[in-house]
Protein chains: 2
Amino acid sequence: MAVTIKDIAKRANVATSTVSRVIQDSPKISEATKARVRKEMKALGYEPNYSAQSLANRMTQSLGIIMPEADVTIFQNPFFLESIRGISELSNEKNFTMAIVTGRDDTELLSRVRMMTRANRVDGFIVLYSKPEDPVVDFFHNEKIPYTVIGKPQQYVSETTHVDNDNFQAGKDVVTYLYELGHRRIAYVGADTARTVHKERVRGYQAALAELNLEWDSRYLLGTSYTNEDIAALFQLDTPPTAMIVGDDIIALPLQRALQQIGIRLPEQCSLISYNNLTLADMMNPPLTSVDIDIFKLGYQAAKSLIEKIQDPKEMTKHIIVPHRIVERASCTRINEDPS
Amino acid sequence: MAVTIKDIAKRANVATSTVSRVIQDSPKISEATKARVRKEMKALGYEPNYSAQSLANRMTQSLGIIMPEADVTIFQNPFFLESIRGISELSNEKNFTMAIVTGRDDTELLSRVRMMTRANRVDGFIVLYSKPEDPVVDFFHNEKIPYTVIGKPQQYVSETTHVDNDNFQAGKDVVTYLYELGHRRIAYVGADTARTVHKERVRGYQAALAELNLEWDSRYLLGTSYTNEDIAALFQLDTPPTAMIVGDDIIALPLQRALQQIGIRLPEQCSLISYNNLTLADMMNPPLTSVDIDIFKLGYQAAKSLIEKIQDPKEMTKHIIVPHRIVERASCTRINEDPS
DNA sequence: CTGAAAGCGCTTACAG
DNA sequence: CTGAAAGCGCTTACAG
């Protein structure tokens, strides 16, 4: 069978406990015997048995990743794979494994999570979304299971480590950017305010409008279930928007189609700026100006702080803000300032 | 601490070995004592400790998922997340966990895979891609580690279980579909022939052209690194194509832009049909006719056959073909048959 | 049909 | 600085 700690001990003429200590690089062991033991480990291609380690020290070296309730559309959003890629990168570095947890609804999700913790399959969880009154988060909190959330948590805010963008600021930055290009009438499409990210972006949008004293019409704000007629109506207002902010690159595509269908030319008749900077943004016509929120880093940092917390429970709660930046492409254009 | 087999044994007045056997639903135990033991398990919310089980029976209940060498663009292709979703679904059902393995190149991938198998972290692997002379696959084969591949394996074909579409047939079907709409000059764009999937689709394309006696110009076949000029040149031929097949929905987007830029209107001047049927396809303008290859099922079936193989090594090698179907949308149009 | 005991491969007080 | 021994929570011959 595979080579074990015993084989190494025998060949290096030490006790198994000594081998175990060199695996952990314990300072109690002399450099001389460490070297000797390591030579044997190398020679035999030894790798500690993961199940045995887990059983003995009650650590699984494994992270659970909670996806939002499964829905094909959501899954196909590259956001998730990209953040998982970030998590995966750090996990591989730290020798952690990950388990993706999905479920059709909160109940299923919760029961799977419950089973995993009882069975001791993971050391902690990363929650890839955030929403109000999440029973899964309640569970983590009550059971004192380490977890971090990507996004702004809606419960136990100050006590939960999370990594997020400053979406409020991003919301403002986008308005400022458009303002500086001369835009004064700015609409917002795809405001899925059930999700915290979007709520924050919209808050930032509205705050910036107020600060800049821009006029605003409630019809300027559309959710995710708008119809093409809603878009058309927007451009039949006396004061149609000259620019639109889109909640997510994914939504920009159908929106662009809607605009084309009612004969609005981009970017001449309407500038478009979006969020997430997916590769998609670069492929659109015209290429889409988009806010890069560094999804990979969101995942990477979430995994990093979770692992720190797991390895040292006294680790402080952290709120990590990943910087965003606007990536300029051809979908926004300067217009003449118009006092109307 | 967590409740263990001992607690159950005590409360049910049996030996721990008996509890263990009811966990496994062994036929050796009477229904009466099974019922009694189960009642206690339920009452205490018992869940078998996963590390202990793994250690004792040398099974990890965990699958490794090998991604192709990491490259942002590839990762953002929804194909991977969608197949992982399929794998995840089955894994959750079977109580398996998964570990995603990524690496910058084959060497890094191989060393991570090697470490994981030595450390006994997974029972087997799913390879999400297929390419010639893959050292990772060589490793699995030589070490007799269970694995399945999504796609058509290039090595050890008859001995490796794989799940795939019939991409050759799909290649032919697409041509036939266009032929029946009256198209006679059909180009193919985005033929990434380094990847087996695409090679097969191109083979099918060429076979169908030959069968239907359609004229063909070598300039009709473009790889992935075509320029907009190449596209423009295509339409300046004496016999420009009236329809184009695109290797992947993801590529359809920039291609569509290129076509718009040189003033080709879709679908009037050129029909477009693509592969994968991502949600993207439905969002494009015009919505894209695309071959649905049921990515979810590819993942699900791959996980299924891998787990079967793990649980019973005598399980036969299987080649599973997931059916495809053309999803018609507005990007293909009927044209008058033209004898030219 | 059920139990007592050894073993899976580690870790970690405890003793020296 | 190192070793002997108990223990982590299961499984599985072996015996009855």
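In this text, all values refer to a predicted model and were calculated from it rather than measured experimentally. Heavy-atom basis, side chains included; hydrogens, waters and symmetry copies ignored. Below, read A as the first sequence line, B as the second, and so on, with proteins coming before strands; counting in each chain starts at 1.
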Roughly, in whole Å, what's the span from [atom1] in [X] to [atom2] in [N]?
X        : N      : atom1 : atom2 : value
B/Arg118 : C/dG9  : CZ    : P     : 16 Å
B/Leu55  : D/dG9  : CG    : P     : 12 Å
B/Lys6   : D/dA6  : NZ    : P     : 14 Å
A/Ile23  : C/dT12 : CD1   : P     : 11 Å
B/Asp25  : C/dC1  : CG    : P     : 13 Å
B/Lys28  : D/dG16 : NZ    : P     : 16 Å
A/Ile5   : D/dA4  : CD1   : P     : 14 Å

Subject >> Ion pair A/Glu89/A/Lys297, N-O distance below 4.0 Å >> reply: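 A salt bridge is absent here (no side-chain N lies under 4.0 Å from a carboxylate O).
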Original post:
Any Lys/Arg nitrogen of A/Glu308 or A/Lys304 sitting under 4.0 Å from an Asp/Glu carboxylate oxygen of the other?
Top reply: yes
Indicate, with a heavy-atom threshold strictly under 4.0 Å, whether [X] touches base, sugar-phosphate, or nothing.
X       : value
B/Val19 : nothing
A/Thr33 : sugar-phosphate
B/Tyr46 : sugar-phosphate
A/Ser30 : sugar-phosphate
A/Thr4  : sugar-phosphate

**OP:** Go ahead and name the base partner of D/dA4; Watson-Crick or wobble counts if both distances stay under 3.5 Å, otherwise write none.
**Re:** none
[X] vs [N]: side-chain N/O to OP1/OP2 distance below 4.0 Å:
X       : N      : value
B/Ser20 : D/dC10 : no
B/Gln24 : D/dT11 : yes
B/Gln53 : D/dT11 : yes
B/Arg58 : C/dG7  : no

Check the side chains of [Y] and [X] for a donor-acceptor pair under 3.5 angstrom, ignoring hydrogens and angles.
X        : Y        : result
B/Gln24  : B/Ser20  : yes
A/Asp138 : A/Gln155 : yes
A/Asp7   : A/Tyr46  : no

Original post:
More 5' along DNA chain C: A/Ala52 or B/Ile29, using each one's nearest nucleotide?
Top reply: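 Of the two residues, B/Ile29 wins.
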Original post:
Is there a donor on the side chain of B/Ser17 or the base of C/dA4 sitting less than 3.5 Å from an acceptor on the other?
Top reply: yes
Subject >> No-H, no-angle donor-acceptor pair, B/Arg21 side chain to C/dG3 base, under 3.5 Å >> reply: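 Between C/dG3 and B/Arg21, which were checked side chain against base, a qualifying N/O pair under 3.5 Å is present.
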**OP:** Between C/dG9, D/dC10, C/dG3, spot the one nearest the side chain of B/Asn49, thanks.
**Re:** D/dC10
